[in-house]
Amino acid sequence: MRTLLLWCPDWPVLAAEIVEGVPATDPVAVLHANRVVACSERARAEGVRRGLRRREAQGRCPQLTVVDHDPGRDARAFEPVVAAVEELVAGVEVVRPGSCAVAARGPARYLGGEEVAAERIVEHVAQTCAVESQVGIADGVFAAGLAARSGRVVPPGGTPEFLAALPVEALGRPALADLLRRLGVRTLADFAALPAGDVLARFGFDGALAHRLAAGRDHRPLAIRQPPVDLAVTAGYDEPLDRVDAAAFAARALAEQLHDRLAGHGLACTRLGIEAVTAHGQELHRVWRHDGLLTAAAIADRVRWQLDGWLSGSNGRAGGRAARPTAGIIRLRLVPDGVIAQAGLQPGLWGEAGEERERAHRALSRVQGILGPEAVVTAVLGGGRSPADQVRLVPWGDERIPARPGQPMSPGGPVSSGQLASSGRSAAPDQPVSSGVPVPGGPVSSGALVPGGSVSSGVPDRPASSDRPALPDQSGSLGQSGSSGPGAQAGRGRPGRAARSPRSAGRSAGRVEPPWPGQLPPPAPAVVLPQPLAATVHDDAGEPVVVSARLQLSAAPARLTVGTGRPAEIVGWAGPWPVDERWWAPAEARRRARFQVCLADGAALLLAVEAGQWLVEAIYD
């Protein structure tokens, strides 16, 4: 088969320039397994060649820029080139990132000859993608690829003669080429002259395949890829649409056209893109999401709501208004960004996809059309070490995927003073007990001791990282993974019978995802404050309570003052539960210790100490 192959020289280098911004005009080398697999033209001028080791390549060119080989990057960068070729011809096969092939007969007859087709394709790729390329035409993909290296058009029937003078290294099989040279076979003509049966017996199946290629015979036809079906619908209007009623009428006809096109392919839309262009060239775009199937009426409603928001200037974010377009809409386009098989979603048995839920969804979507997609949000529970980390707010209709993997904290029951103060605790010998909680040993200074003798205030340096195994101190106050349940010890007391680690709790609950190390134990707080409140904690003597580097409190917490409010008596407390997150990234590192406290008025709070400051993070019911 006459084959036209487009080849982009040094494509891994060009892909690195397109994706990562590495200048291809500089000396650049792409390395895989410490060897050069591609290099730029300037690097070749300095003596860099494929197959060189990194140190040898840098010795020849000290200013060489080294880039790691990434096949995914090469494929992603090559996709626009393939799309540009498909704009002129159909039936493209991607041989590898940097080269693609098509049957030459179609473009040659349509564009007026093989050479004219090659010139048109090269010019179109250069104008569309700003990429230089070369085209080779021969009988078969293998010969066309070799012809593309020199930009040749091999005449029909001349492929064996074209391949005859090429060395055996052109086969792209280094081990086979080395063996053939030692046997005295140096060109493809010499190799093609050998009997096919002897080649198969001596070199195996791969050698027989190479023998066919050397003789100019391909082993398979082109693997043509089918371009994706264009499901988008577009409508243009001679009279600009500047009234909502006229736009709604036009939107309904376009929505029915989109629905019919999707139904013809057995598809349904779950994510709809709405694009509009005004008479002054202003472009408007919005994406609507739906966790069910968008019917023709649902598509029409969303388009009408969106056009109403645009034309009335009321689709800004919540709390603000957007400016109206300066002119009417002359072009409207609906793009199904997300599609699934039409039978892929069945209505729920208990109404989760029924009429009442659809009515609520329509109302909330209407609000989104007026105020913007972020005006209506829902909470999604996920993993995390604190209650604030376990909740993610997503716009209504978006995919409800947790931002953090893992199971959230189980709700549990209400918190009582007894639970927080003395659930499953027993005091160690020679330890004073206050409110049912063992109190640590003697007081320490307001600065927390850190390794090396330095002094800092607040959370211990790295007593029990949540991202690595905990190292117990001399008092043995740390539990598994640096955290424990409500029955965990506070100070040197040993854990009671009711204490369980989050890992064992997760096993008993049958969780699919493992719990986070350092996660707070249940029950979960009822209210998580958007911004923690500053607080102070004092002991019975009126001195501030601090946490040492050994996770020991200077004294038992006795009174809590939130902001400028009145002090409240603490009747029970539990903790500390330390967290040392992302300690390997200083800019993102965070260290804190958390406590649960019960007050005399019955309130239960979640406190945290961070950088020497007490904070109220959440309130228990």
Side-chain angles (χ1 to χ4, degrees), residues 384-391 393 409 415 417 420-421 434-435 437 439-440 443-450 455-464 466 483 486 490 518-520 523-549 551-583 586-621:
R385 296 185 174 91
S386 64
D389 298 335
Q390 296 172 1
V391 179
L393 297 178
M409 182 192 306
V415 180
S417 172
L420 294 179
S434 173
S435 299
V437 181
V439 180
V444 297
S445 63
S446 60
L449 299 179
V450 298
V455 177
S456 64
S457 62
V459 186
D461 185 55
R462 283 180 195 165
S466 297
S483 67
Q519 183 186 45
L520 275 176
V527 178
V528 179
L529 301 177
Q531 294 294 333
L533 302 177
T536 56
V537 177
H538 296 83
D539 57 14
D540 288 328
E543 296 295 329
V545 177
V546 297
V547 181
S548 72
L551 290 181
Q552 292 182 341
L553 279 73
S554 58
R559 284 182 297 277
L560 170 69
T561 304
V562 180
T564 58
R566 299 180 59 183
E569 182 182 358
I570 297 175
V571 297
W573 59 277
W577 291 286
V579 171
D580 188 358
E581 295 180 298
R582 303 192 65 82
W583 48 268
E588 304 175 7
R590 187 181 184 189
R591 296 182 293 119
R592 63 190 188 277
R594 297 157 297 172
F595 295 80
Q596 293 171 324
V597 298
C598 274
L599 306 180
D601 58 2
L605 306 177
L606 174 65
L607 306 182
V609 184
E610 186 171 359
Q613 175 67 53
W614 287 85
L615 302 170
V616 179
E617 289 189 339
I619 303 172
Y620 290 91
D621 189 1

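- Closest approach of Glu543 to Asp539, counting heavy atoms only: N-OD1, 2.7 Å.
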For the pair Trp573 and Leu553, evaluate side chain to side chain contact (heavy atoms under 4.5 Å, CB included) and give the outcome as yes or no after the intermediate values.
-> CA-CA 12 Å; Trp573 59 277; Leu553 279 73; 4.2 Å; yes
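- Considering all non-hydrogen atoms of both residues, Pro567 and Arg559 come closest at CB-CD, 4.4 Å.
- In this structure the side chain of Val545 reaches within 4.5 angstrom of the side chain of Trp614, judged on heavy atoms.
- Side-chain atoms of Ile570 and Val537, non-hydrogen and from C-beta on, do get closer than 4.5 Å to each other.
- Scanning both residues, Glu610 and Arg591, for their nearest heavy atoms gives CG-O, 3.4 Å.
- The two residues Pro576 and Phe595 come nearest to each other via the heavy atoms CB-CZ, 3.4 Å.
- For Pro544, the side chain to side chain contact (heavy atoms under 4.5 Å, CB included) partners at least two apart in sequence or on another chain are His538.
- Heavy-atom minimum distance, Ala535 versus Val562: CB-CA, 4.1 Å.
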Output, in order, the C-alpha distance, side-chain angles, deciding distance and verdict of side chain to side chain contact (heavy atoms under 4.5 Å, CB included) for Val391 and Val528.
-> CA-CA 10 Å; Val391 179; Val528 179; 5.8 Å; no
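- Residues Pro525 and Ile619 fail the side-chain proximity criterion, which asks for heavy atoms closer than 4.5 Å.
- A distance-only check finds a donor-acceptor pair linking the side chain of Gln390 to the backbone of Gly384 [under 3.5 Å].
- Of the possible polar contacts, none joining the Arg592 side chain to the Pro578 backbone as a donor-acceptor pair under 3.5 Å is found.
- Gln596 pairs in a side-chain contact (heavy atoms from CB on, under 4.5 Å) with only one of the listed residues (Leu605, Leu607, Leu606), which is Leu606.
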